[in-house]
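Notes follow once the structure below has been shown.
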Amino acid sequence: MMTSHERVFTALEHRTPDRCPVDVWTTPEVDQRLEQYFGVNTPQEILDKLESDLQFVHVRPLRQEVIRFDDGSFLDRNGVRVKNVSNEFNTYQERMEAPLAGAQCVADLEAWDMWPDADALDYEHFVEQIAPYAEKRVLKLFTGGIFETAISMRGYEQFMMDMALQPEIPNYIMGRITDYLIKMVQNVCKTPANDLIPIIYTYDDIAAQNTLLCSPAMLNEMVYPCHRRYNAEIKKLNKIILFHSCGAVYDEIANLRDLPIDVLNPLQPRAKDMDFQKIKDIYGKQLSFHGGICIQETLPHGTPDQVREEVRRAIRILGKDGGYIMTSAHHMQNDIPTENILAMYETELRYQ
Amino acid sequence: MQLFETIQAQLTAGQADAVAQLVQQALDEGNSPKDILEGALLPAMDVVGEKFKNNQVFLPEVLIAARAMNAGTNVLRPLLVGENAESKGVAVAGTVKGDMHDIGKNLVRMLMEGKGITVVDLGANVAPEKYLAAVKEHNADIVVCSALLSTTMGEMKNVVDLFEREGMRDKVKIMVGGAPVTQEFCDEIGADAYTPDAASAANWAAEYLESKKA
């Protein structure tokens, strides 16, 4: 039997591993439920139980205390004020106000004193935090989004209008975020953690369920140049790039490939035109895939047998000759029954 | 008419100041507010909605066009009150309880307004009782429920059920939409219409209101 490392790298080199590698992508509420189910105490033990071949690692901020407000809201690590909002199943952090909403010009942006600072992260203790997991699983370094983070700082609608009317504002914000991410990854790779982290996770949702969020021209002129600059630096460090965008990205896959990226996540199966067979046929030699199991319908509302069938199908199509890591097409939400999660991770499904 | 065409071109380009200025010019030249609204502003927004539906323009272009339309209607609004240009109908729109994702709902609002429909925007995280109260207050014809999450779409059934319980179900059409929502789901919870995108939602609402009048 292969180790997780052998399995993942075999798949990413587009060769057939002993069985399809898998990843586990959960919300905290699902972790709690699975901890209870398995009688364990940590998310790490859940990954053991589900035989995950990969996991995320995060560099923590040096300053652990969080700035909180009287109404229970707080500042996230990008200086954006958020609050917890609960529904029947989950609690999410939602943005309350965009700190850069009032900026009129680039000078106003330059004057902001809350820009994320790559030197404010705790690199010194990072390697000892992640070392216990590195042998068992392949580590993915969570970094950040560029477009998405910029949107959270400026406000969704204002940012979108800026793209059309005053592009210097989005360009400046995204440029600053790109600088930050590059420095963060470079800093990590100067530490011994460099040897433990083969995959860098980057993201930016460029699409909704049926359409792109902005035109291909705007992606090309504004969003992709940031990713190209970022990815060029990541590639200098010899890392694998796992890129995430939700939604109907089919028409943009060739452009995403050329950023460049190595692995595309999450292949949201119910988004428009996300036909796995077609995507594998056209891009399967150049790209690997990560995700694919529907969290909109099959996992929350399907039966365990329907989940098994979807997993088999994804592995059969996307995992042909390697090139696929099976996992949910986003964080598993708390509306997914435990039995469906267990069905998804049945070991025998991973063998073709 | 040359000036109306210029207004339409500036509106689709999202030039809010220019639209406001040209609308004022059109008034000064003796055009009625109703003619400007129905002959220039609404048709231009209609074009944007159709292009959005066909993936020819995207969110940024719709947002700037809607803002430009607002700049134009703001000039007209004080004058329209006295004139016989009543709203085509009233819709109450919100993102359902527990869900804070409002961009899809906002798009629906803008494109419905582009059809001459009055939209009462309840924002995000809207409880079923709030939809009901707003319908009563504004004598609304349509309820628009949006959700991004599979974990919140179930709230739409609570909205339908509440209107049923309160004897208000026949008074309104309930429209549902958002990423995880499907026609099957719409049928299952007893809502009236599912539309896959904001432009289709505006079209459905406009057609329904038209048929209601007839």
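Numbers restart at 1 for each chain; the letters A, B, ... are given by sequence-line order, proteins then strands.
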(request) With a 4.5 Å cut-off on heavy-atom pairs, point out which of A:Met218, A:Arg95, A:Glu297, A:Gln268 contacts chain B the most. (result) A:Met218

(request) Can you tell which part of A:Phe159 gets under 4.5 Å to a heavy atom of chain B, answering side chain, backbone, both or neither? (result) neither

(request) Check B:Ser150 against A:Asp335 and note the closest heavy-atom contact, atom names and distance. (result) OG-OD2, 2.6 Å

(request) Please determine, among A:Gln333, A:Glu88, A:Glu157, the option with the most heavy-atom pairs under 4.5 Å with chain B. (result) A:Glu157

(request) Mind checking the NZ-CE spacing from A:Lys83 to B:Met100? Nearest 0.5 Å is all I need. (result) 4.5 Å

(message) Can you tell me how far apart CG (B:Leu148) and SG (A:Cys246) are? Round to the nearest 0.5 Å.
(response) 8.5 Å

(request) Please determine, among B:Thr152, B:Val96, B:Asn106, the option with the most heavy-atom pairs under 4.5 Å with chain A. (result) B:Asn106

(request) Give, for atom NE2 of A:His330 and atom CG of B:Leu149, the distance between the pair rounded to the nearest 0.5 Å. (result) 10.0 Å

(request) Return yes if some donor-acceptor pair links the side-chain N/O of A:Asn210 with the main-chain N/O of B:Pro196 below 3.5 Å, else return no. (result) yes

(request) Determine the minimum heavy-atom distance between A:Gln296 and B:Ala179, stating which atoms define it. (result) NE2-CB, 3.6 Å

(message) For the interface with chain B, which of A:Ser86, A:Pro300, A:Ser215 has the highest count of heavy-atom pairs at distances below 4.5 Å?
(response) A:Ser215

(request) Sort A:Leu212 into side chain, backbone, both or neither according to what part of it lies under 4.5 angstrom from a heavy atom of chain B. (result) both

(message) Please check if the number of heavy atoms outside A:Glu168 that lie under 6.0 Å from its CD is greater than 12.
(response) yes

(request) Could you check B:Asn55 against A:Lys272 for side chain to side chain contact (heavy atoms under 4.5 Å, CB included), going step by step and ending with a plain yes or no? (result) CA-CA 12 Å; B:Asn55 289 344; A:Lys272 189 166 174 244; 4.0 Å; yes

(message) Can you see whether B:Thr151 engages A:Asn90 through a side-chain donor-acceptor pair at a distance of less than 3.5 angstrom?
(response) no

(request) Enter the distance from B:Leu59:CG to A:Leu213:CG here, rounded to the nearest 0.5 Å. (result) 6.5 Å

(request) Measure the spacing between OH of A:Tyr92 and NE2 of B:His101 and express it to the nearest 0.5 Å. (result) 8.0 Å

(request) Using non-hydrogen atoms and a 4.5 Å limit, figure out which bit of A:Ile336 sits close to chain B: side chain, backbone, both or neither. (result) neither

(request) Check whether any side-chain heavy atom of A:Pro216 lies under 4.5 Å from a side-chain heavy atom of B:Phe58, and answer yes or no. (result) yes

(request) Pick one of side chain, backbone, both or neither for B:Gln15, based on which atoms fall under 4.5 Å of a heavy atom in chain A. (result) side chain

(request) Would you indicate whether A:Asp71, at its atom CG, is surrounded by more than 12 heavy atoms from other residues, nucleotides or ligands within a distance under 6.0 Å? (result) yes

(message) Are there over 12 heavy-atom neighbours, none belonging to A:Phe69, within less than 6.0 Å of that residue's CZ?
(response) yes

(request) Answer with side chain, backbone, both or neither: which region of A:Gln209 has an atom nearer than 4.5 Å to a non-hydrogen atom of chain B? (result) side chain

(request) Evaluate the side-chain proximity of B:Glu61 to A:Met160: yes if any heavy-atom separation is below 4.5 Å, no if none is. (result) no

(message) So B:Ile64 and A:Leu165, do their side chains get closer than 4.5 Å, heavy atoms only?
(response) yes

